[in-house]
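The structure presented is a predicted model; accordingly, all values stated were derived computationally and were not measured.
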Amino acid sequence: MKRKISLTLTALAIFLTLLFTGCGNSEKPDINSNIEQNDEYNPVSSISLSETEAASLNNSIKVKVYYKTLRGDKLCSETKLLQFTNKDRKADVLASKIIDLMIAGPSNSSLVKTLPDGSKLNSLKIKNGVAYVDFNEAFGKGLSESNEAIFIAYSITNTLTEFKNINHVAITCNGNKIESSACNFSNLLRNTEIVTDIESALPQTDYSENVFLEIDLE
């Protein structure tokens with residue numbers, strides 16, 4: 001009888017040991033497993049241009065505006081502080097003000113503005129992830145006379161797609177479609193291949209022999 005009780009207690013002890021050991025070794029669910037890792041594909045700015053979030057801003061935000069480098073071969077962003085009033089707390093209005101910053105030009109002397117002289121924004125509307133941007137006649141004229149359509153198009157596009165709810169940009173002139181062999185102004189996507197950092201945007205120093213010959217030696 002004692003032997004049976006001893007065997008029963010031993011079996012129970014082994015069962016409990018296996019039970020709790022199994023619980024201790026069970027894997028915990030990964031709390032990050034269901035989070036989409038899309039940051040490298042979806043550029044995120046300091047704000048999202050939704051009406052709700054635009055209404056919650058505190059009258060000034062930092063924005064990235066893209067200009068052409070002084071060397072003329074790339075685009076580079078410059079961070080600017082955008083000021084606005086309570087009446088401006090709408091997504092379309094804020095985006096329009098950012099275009100105005102592009103028209104005004106950069107503060108950094110290593111960058112130059114891309115938009116043609118005399119450019120003015122007629123309208124800007126955001127719908128279903130697309131920013132519809134319409135410029136005046138001076139923009140269209142300057143574009144037709146320039147060989148830098150790529151920089152003009154993508155400085156606008158890269159600036160506006162810094163915001164989470166803008167994925168495409170469509171640019172027109174006085175409501176008319178822009179015909180260009182350089183790119184499709186009706187369906188522009190973000191282009192990071194022509195973007196560089198500010199250090200690379202600096203003009204290269206000329207270390208040619210003539211420069212050294214002009215130095216007066218004592």
Engineer: For Leu70 versus Ser109, what's the shortest heavy-atom pair and its separation?
Structural biologist: CD2-O, 3.8 Å

Engineer: Distance-only criterion, 3.5 Å: show the donor-acceptor pairs between side-chain atoms of residues 74-86 and protein atoms not counting sequence neighbours.
Structural biologist:
{"residue": "Lys74", "atom": "NZ", "partner": "Glu193", "partner atom": "O", "Å": "3.0"}
{"residue": "Glu78", "atom": "OE1", "partner": "Lys80", "partner atom": "NZ", "Å": "3.3"}
{"residue": "Glu78", "atom": "OE1", "partner": "Ser107", "partner atom": "N", "Å": "3.0"}
{"residue": "Glu78", "atom": "OE2", "partner": "Ser107", "partner atom": "N", "Å": "3.1"}
{"residue": "Glu78", "atom": "OE2", "partner": "Asn108", "partner atom": "N", "Å": "2.7"}
{"residue": "Lys80", "atom": "NZ", "partner": "Ser107", "partner atom": "OG", "Å": "3.4"}
{"residue": "Thr85", "atom": "OG1", "partner": "Lys87", "partner atom": "N", "Å": "3.4"}
{"residue": "Thr85", "atom": "OG1", "partner": "Asp88", "partner atom": "OD2", "Å": "3.2"}
{"residue": "Asn86", "atom": "OD1", "partner": "Arg89", "partner atom": "NE", "Å": "3.2"}

Engineer: Below 4.5 Å, heavy atoms only, C-beta onward: do Asn191 and Thr157 meet side chain to side chain?
Structural biologist: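 In short, these two side chains do not touch, never coming nearer than 4.5 Å.
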
Engineer: For Thr159, which residues count as a side-chain hydrogen bond (donor to acceptor under 3.5 Å, both in side chains) partner, sequence neighbours excluded?
Structural biologist: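 Listed in chain order: nothing, the list is empty.
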
Engineer: For the atom pair CZ (Phe163) and CD1 (Ile98), what is the distance rounded to the nearest 0.5 Å?
Structural biologist: 3.0 Å

Engineer: Are Met102 and Ile61 in one and the same hydrophobic cluster, where Ile, Leu, Val, Met, Phe, Trp and Tyr link if side-chain heavy atoms are under 4.5 Å apart?
Structural biologist: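 Cluster IDs for Met102 and Ile61 match.
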
Engineer: Rounded at 0.5 Å granularity, tell me how far CG in Leu101 sits from OH in Tyr67.
Structural biologist: 6.0 Å

Engineer: Go through the steps to decide whether Ile152 and Phe139 satisfy the test side chain to side chain contact (heavy atoms under 4.5 Å, CB included), and finish with yes or no.
Structural biologist: CA-CA 10 Å; Ile152 295 172; Phe139 174 86; 3.7 Å; yes

Engineer: Hey, could you give me each pair passing ring pair (Phe, Tyr, Trp, His ring centres under 6.0 Å) that has a residue in residues 178-197? Not counting sequence neighbours.
Structural biologist: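 Residue pairs passing ring pair (Phe, Tyr, Trp, His ring centres under 6.0 Å), neighbours aside: none found.
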
Engineer: On a heavy-atom basis, which atom in Pro106 and which in Leu111 lie closest, and how many Å separate them?
Structural biologist: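 Shortest heavy-atom separation between Pro106 and Leu111 comes out as CG-O, 3.3 Å.
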
Engineer: Before giving the answer on side chain to side chain contact (heavy atoms under 4.5 Å, CB included), spell out for Thr192 and Asn158 the whole-Å C-alpha distance, their side-chain angles and the decisive distance to 0.1 Å.
Structural biologist: CA-CA 8 Å; Thr192 58; Asn158 285 4; 5.6 Å; no

Engineer: Is there a path of hydrophobic side-chain contacts, each under 4.5 Å between heavy atoms of I/L/V/M/F/W/Y residues, joining Tyr66 to Leu189?
Structural biologist: no

Engineer: Side-chain heavy atoms under 4.5 angstrom apart, residues restricted to Ile, Leu, Val, Met, Phe, Trp, Tyr: same cluster for Ile103 and Ile178?
Structural biologist: yes

Engineer: Pairs in or reaching into residues 142-155: which pass salt bridge (charged side-chain N to carboxylate O under 4.0 Å, His left out), with residues at least two apart or in two chains?
Structural biologist: Lys68-Glu148

Engineer: Are the side chain of Ser146 and the backbone N or O of Leu143 linked by a donor-acceptor pair below 3.5 Å?
Structural biologist: no

Engineer: If hydrophobic clusters are built from ILVMFWY residues whose side chains come within less than 4.5 Å, do Val63 and Val93 share one?
Structural biologist: no

Engineer: What residues form a side chain to side chain contact (heavy atoms under 4.5 Å, CB included) with Lys177, not counting sequence neighbours?
Structural biologist: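 Glu179, Ser186.
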
Engineer: Report the residue from Asn187, Thr161, Leu188 that forms a side-chain contact (heavy atoms from CB on, under 4.5 Å) with His168.
Structural biologist: Asn187

Engineer: Report, one line per pair, each donor and acceptor closer than 3.5 Å where one atom sits in a side chain of residues 112-126; sequence neighbours left out.
Structural biologist:
{"residue": "Lys113", "atom": "NZ", "partner": "Asp117", "partner atom": "OD1", "Å": "3.4"}
{"residue": "Thr114", "atom": "OG1", "partner": "Ser155", "partner atom": "OG", "Å": "2.6"}
{"residue": "Ser119", "atom": "OG", "partner": "Pro116", "partner atom": "O", "Å": "2.6"}
{"residue": "Asn122", "atom": "ND2", "partner": "Asp134", "partner atom": "OD2", "Å": "3.1"}
{"residue": "Asn122", "atom": "ND2", "partner": "Phe135", "partner atom": "O", "Å": "2.8"}
{"residue": "Asn122", "atom": "ND2", "partner": "Asn174", "partner atom": "OD1", "Å": "3.1"}

Engineer: Transitively linked via ILVMFWY side-chain contacts under 4.5 Å: Ile171 with Ile194?
Structural biologist: yes

